[in-house]
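Every number for a ligand or one of its atoms is a count from 1 in the order of the listing. Index from 1, following the sequence.
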Amino acid sequence: MSVLKITGGCSLSGSLRVQGAKNSVLPLLAASVLTEGLSVFRNCPRLSDAEATVRILRHVGCRVYGEGDALYVDASGPIRPEVPDALMRQMRSSVIFLGALLSRCGEVSLSLPGGCELGPRPVDLHLLALRSLGAEVIEAGDRICCRAGALKGGRIDLPFASVGATENAMLAAVRAAGSTVISGAAREPEIRDLQDYLRACGALVSGAGSGTIRIVGVEKLRGAEKRILPDRIAAATWLAACASAGGRIRLYDACPAHMLPVLRALERMGCAVKTGENLIVLERTGPLKSPGPIITRPHPGFPTDAQPPLMAAALRARGTTVMIETVFENRFRHVPALRSMGADIRTAGRTAIIRGVEGLHGAEVRASDLRGGAALAVAALGAEGETLLRGMEHVERGYEDMAGALTALGADARLCEEE
Ligand code: EPZ
């Protein structure tokens with residue numbers, strides 16, 4: 001098993017290219033089964049979740065091959081409307097194949113998805129969307145079977161701006177007969193990225209990013225080329241790392257416009273942040289201050305995925321920081337490990353109160369989930385001594401070569417193998 005060894009206490013300096021976005025490449029790969037042609041995805045991050053999605057694509061009948069940072073998906077052949085449970089359970093975003101396969105095959109059968117344990121993660125809004133387009137949905141235990149002679153356009157009112165349910169609704173509606181309006185839709189940049197790809201495939205879809213998405217169904221979609229947008233959560237993690245350790249870093253191939261609440265919070269903590277179109281430079285030389293209250297919300301609010309890394313950066317900030325997690329019920333699973341490094345954190349339900357401490361120390365810790373693992377790495381960079389971070393299988397789901405990235409930024413970080 002891999003273990004990440006980090007020796008903290010040295011400030012960061014250097015440049016890093018921001019990887020392609022996990023939360024964009026996964027729904028885009030699922031969307032490719034809607035097309036009857038060859039799609040090319042460039043700037044694909046090397047992540048275990050992307051590999052798991054490729055396994056699903058191959059299982060349902062697609063030809064998939066890679067070249068450099070590009071993935072080629074040929075979905076022109078016959079497509080199978082089912083995914084094995086083991087592949088479904090590897091991650092949450094496998095559920096996006098529900099809308100894609102139902103639209104392509106008229107039926108689909110699969111189990112509930114897996115993914116990070118962040119509290120209950122029902123799929124009721126995904127099923128609401130499919131039922132709104134006329135699908136017959138049967139839920140039996142942890143299995144979902146859907147059938148639709150032909151999906152019909154309609155109105156989908158999402159009571160909560162679920163990212164996944166919005167993506168499933170878009171994939172099911174683009175080839176449905178007639179028009180669809182999705183109101184209360186998620187507004188994340190990844191939703192707009194999905195719209196851009198679907199439009200390149202010939203879909204008639206508009207409004208992504210506004211909360212109301214309009215779609216006029218078409219009979220067929222062709223393959224298309226798409227560059228994956230930069231990963232705003234990976235970028236937020238590297239910036240939090242620099243806030244925690246101190247120093248000056250430069251991130252390129254980034255998209256500052258997608259992560260304004262994170263940049264504002266880092267500025268309130270005393271970091272100097274400069275941005276260009278695809279560039280972010282962060283410098284932290286003086287003491288950290290509390291960013292004040294942080295409340296996670298759907299985009300354009302403060303992203304829940306950046307909550308753990310920013311919490312880790314605030315551990316040594318002067319003052320008290322209150323973090324309220326409104327998107328997931330149980331997203332403080334990284335707190336006990338941070339406490340074992342000397343942090344002062346109290347939690348009650350969805351609220352965490354972080355009192356800044358003078359110093360942190362290295363420890364042997366284990367990642368409980370993807371962003372929780374990132375938080376432990378961020379804390380380790382600001383701690384005295386060595387930290388051994390286990391559970392890297394969680395981290396590798398969303399970060400391409402974390403040890404290499406941190407080393408490029410001047411950290412003392414090494415990935416070691418452990419019996
Ligand atoms: C996406 O998950 C991201 N994953 C998550 O990133 C991210 O945290 C989340 O959106 C919110 O931004 C991918 O894009 C692959 P949701 P998703 O549906 O689609 C409730 C990471 O670390 N809900 O917007 O699963 C749900 O329980 C991951 O990269 C329902 O109640 O998120 C949750 O509390 C973690 N019923 C809230 O909505 C539903 O049918 C947000 O979920 C669907 C969701």
Side-chain angles (χ1 to χ4, degrees), residues 19-31 45 47-50 52-53 56 88 90-99 112-132 137 139 144 156-172 182 184-194 211 228-229 231-237 258-259 261-262 296-310 325-331 333-334 350 367-375 394-400:
Q19 64 180 60
K22 169 183 84 80
N23 292 346
S24 184
V25 70
L26 303 181
L28 286 172
L29 290 174
L47 306 171
S48 55
D49 274 12
T53 307
I56 295 179
M88 283 302 294
Q90 292 199 315
M91 62 196 161
R92 168 79 182 183
S93 69
S94 54
V95 73
I96 310 295
F97 280 92
L98 196 62
L112 288 173
C116 290
E117 288 169 28
L118 308 173
R121 298 182 81 177
V123 295
D124 55 322
L125 301 180
H126 298 248
L127 304 184
L128 172 150
L130 300 183
R131 285 191 175 106
S132 307
V137 178
E139 298 170 77
I144 305 168
I156 301 172
D157 296 315
L158 293 176
F160 181 83
S162 153
V163 172
T166 301
E167 292 164 342
N168 252 327
M170 290 168 77
L171 298 192
I182 309 171
R187 301 168 58 189
E188 272 66 6
E190 293 77 23
I191 301 288
R192 196 191 295 256
D193 219 31
L194 180 59
I228 310 290
L229 92 172
D231 195 315
R232 60 200 167 97
I233 307 300
T237 305
H258 289 166
M259 44 192 300
V262 171
T296 68
R297 294 201 194 287
H299 192 85
F302 189 95
T304 170
D305 298 340
Q307 175 259 97
L310 261 286
E325 175 54 61
T326 74
V327 178
F328 289 104
E329 216 172 279
N330 183 13
R331 195 158 208 180
R333 297 175 64 223
H334 45 287
R350 294 173 176 240
S368 51
D369 56 68
L370 165 59
R371 308 302 172 183
H394 294 288
V395 174
E396 286 154 1
R397 294 187 43 226
Y399 295 93
E400 195 176 68

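Counting non-hydrogen atoms of other residues, nucleotides and ligands closer than 6.0 Å to CZ of Arg192 gives a total of 12 or fewer.
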Under 3.5 Å, which donor-acceptor pairs link side chains of residues 90-97 to any protein atom two or more places apart or in another chain?
residue : atom : partner : partner atom : Å
Gln90   : OE1  : Arg55   : NH2          : 3.1
Arg92   : NH1  : Arg121  : O            : 2.5
Arg92   : NH2  : Pro122  : O            : 3.2
Ser94   : OG   : Met88   : O            : 2.8
Ser94   : OG   : Met91   : O            : 2.9

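Remark: Glu117 pairs with no residue by the salt bridge (charged side-chain N to carboxylate O under 4.0 Å, His left out) rule, at least two apart or across chains. With sequence neighbours excluded, the residues forming a salt bridge (charged side-chain N to carboxylate O under 4.0 Å, His left out) with Glu190 are Arg232, listed by chain and number.
With respect to the salt-bridge test (charged N to carboxylate O, under 4.0 angstrom), the residues Glu325 and Arg333 do not qualify.
Residue-level contacts of ligand 1 at the 4.0 Å heavy-atom threshold are Lys22, Asn23, Arg92, Ser93, Leu118, Pro120, Arg121, Pro122, Val123, Asp124, Leu125, His126, Phe160, Ser162, Val163, Gly164, Thr304, Asp305, Val327, Phe328, Arg331, Leu370, Arg371.
Side-chain contact between Asp49 and Val25 is absent, with no heavy atoms from C-beta onward closer than 4.5 Å.
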